[in-house]
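For reference, the structure discussed in these notes is given below.
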Amino acid sequence: MRTQVAIIGAGPAGLLLSHLLHLKGIESVVLETRTREDIESTIRAGVLEQGTMDILNETGVGERMKREGALHHGIELAFGGRRHRIDLTELTGKAITVYAQHEVIKDLVAARLAAQGQLLFGVSGTSIEGVETSKPRVRFMHEGEQHTLEADFIAGCDGFHGVSRPAIPESKRQDYQRIYPFGWFGVLVEAPPSSDELIYAQHDRGFVLISTRSPTVQRMYFQCDPKDSVDNWSDDRIWNEFHTRLENGDGWRVKEGKIFQKGIIGMRSFVSTPMQHGRLFLAGDAAHIVPPTGAKGLNLAVGDVKRLAQGIEDFYRSASEEGLASYTEQALKRIWRAEYFSWWMTSMLHTFDDASPFQRQIQRAELENVVNSRALSTALAENYVGAF
Ligand code: FAD
Ligand code: DHB
């Protein structure tokens with residue numbers, strides 16, 4: 001088997017890269033360990049930056065997002081029993097769309113299949129060889145048979161636990177990491193929206209995020225012990241926690257409904273550099289992770305593959321390796337800003353058990369500063385919509 005670009009992983013990074021390359025007349029094969037049903041139903045992120053919306057629209061896969069996604073012009077920060085609106089559009093001229101990651105996945109899979117793109121689901125034993133030569137290869141099992149896929153380039157889009165990053169020798173890599181002492185308990189609820197906009201709430205008992213999926217399904221999270229088990233959380237206990245942490249002076253209450261999905265995610269900041277080794281390029285979670293508070297994970301993956309697709313196109317069009325050679329440096333500029341923003345939002349909004357009374361007061365003062373200063377609100381809004 002031979003192709004121009006072998007893509008490992010059918011997450012947002014791998015699928016969008018394959019789609020962008022196809023539009024530039026470059027052939028790829030996408031290898032995915034999970035089934036199509038699995039990738040199309042795994043619940044993950046929900047916020048698309050303007051730049052992500054733009055690229056989906058411009059490349060013909062934004063139709064359903066425009067129809068079914070919800071355009072949001074602001075978010076709210078809640079603390080001390082009050083809610084404060086950050087007007088994203090007034091401050092930046094941009095907006096965000098709330099549209100679930102697995103819906104983006106469905107749209108990209110449909111587009112690749114409609115264009116006769118090669119997507120192989122259920123592969124196993126993926127291994128990478130020869131990346132320091134001009135003929136890199138991926139070996140894998142598919143439908144009981146061993147295959148070798150030869151390519152000009154390999155794109156490692158296989159997420160944090162994939163095989164691509166470990167294929168770069170440790171001696172050539174530098175990893176930066178911070179693991180947070182808390183996680184998010186996420187629920188999906190059958191209920192009408194509790195709020196027109198997303199609410200990021202700080203409370204002594206821990207952070208809460210109120211998000212949405214549709215007029216009838218809501219997405220909500222609360223800060224929890226990352227080692228806790230969903231079995232410890234009855235629906236009643238979950239609602240009590242939401243109501244307590246969202247207590248406020250104006251009588252507003254989160255709307256209850258049937259909880260039909262529960263899960264706990266850990267939180268870390270992580271960057272591995274370089275994002276290239278020979279003919280192997282990393283994109284998305286394979287190279288970096290952000291805590292979800294800034295809603296950046298999926299958007300960073302999109303930013304990476306946009307840049308990578310351009311570098312690969314330059315290589316085929318004009319035999320220029322410049323774009324590819326500067327991929328790590330260019331991508332990292334945006335990645336570190338998003339790492340900073342996600343760390344900042346996480347630090348400002350979560351409860352750290354070991355924080356001193358002084359640190360708790362400073363945290364509150366920082367929130368007061370952000371909502372009362374147009375300059376600080378603008379900085380938050382610019383980072384949130386990705387306006388740079
Ligand atoms: P992924 O989406 O992880 O895709 C990688 C793909 O590669 C997967 O489909 C995997 O099955 C496949 N794969 C792995 N190993 C191999 C292999 N060896 N061979 C072939 N295929 C392989 N971000 C937010 O902003 N907000 C959120 O609320 C949020 N929630 C999240 C919840 C969870 C449980 C997780 C894990 C992430 C969450 N994120 C969130 C982050 C966001 O979803 C990711 O940043 C985004 O999915 C990155 O896309 P990706 O394509 O780089 O990686
Ligand atoms: C969602 C997730 C996030 O991490 C975030 O910051 C905002 C919204 C969501 O799943 O809707």
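From a predicted model like this one, the values you see are computed outputs, not experimental measurements. Just follow the structure's listing: the first ligand is 1, and inside any ligand the first atom is 1.
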Review point. Taking the side chain as C-beta and beyond, is there a heavy-atom pair between Leu198 and His72 under 4.5 Å?
Key: yes
**Study point:** Min N/O separation Ala13 to ligand 1 under 3.5 Å
**Key:** yes
Point to revise | Residues clustering with Trp252 (ILVMFWY side chains joined when closer than 4.5 Å, directly or via others) | key: Phe185, Val187, Val189, Ile199, Val208, Ile210, Met220, Phe222, Val230, Trp233, Ile238, Trp239, Phe242, Leu246, Val254, Ile259, Ile264
Review point. For ligand 1, which atoms have a heavy atom of Tyr221 less than 4.0 angstrom away?
Key: 28 (O)
Review point. When only distance counts, is Arg44 in polar contact with ligand 1, meaning an N/O pair under 3.5 Å?
Key: yes
Revision key, fill the gap. The answer for which part of Thr33 has a heavy atom under 4.0 Å from ligand 1 is both
Check your understanding: Heavy-atom distance from atom 21 (N) of ligand 1 to the protein below 4.0 Å?
Key -> yes
Review point. Can you find an N or O of Gly284 that's nearer than 3.5 Å to an N or O of ligand 1?
Key: no
Review point. Between Glu32 and ligand 1, is there a nitrogen or oxygen pair with a distance under 3.5 Å?
Key: yes
Check your understanding: Salt-bridged, Arg237 to Asp235, with N to O below 4.0 Å?
Key -> no
Review point. Which part of Phe140 is near ligand 1, with near meaning a heavy atom under 4.0 Å away: side chain, backbone, both or neither?
Key: neither
Exercise for review: Report the part of Ile265 in contact with ligand 1, treating N, CA, C, O as backbone and CB onward as side chain, heavy atoms under 4.0 Å; options are side chain, backbone, both, neither.
Suggested key: side chain
Practice item. Run the salt-bridge test on Asp87 and Arg85 with the 4.0 Å N-O cut-off and return the result as yes or no. Key: yes
Exercise for review: Of the side chain and backbone of Gln101, name the one, both, or neither that has a heavy atom under 4.0 Å from an atom of ligand 1.
Suggested key: side chain
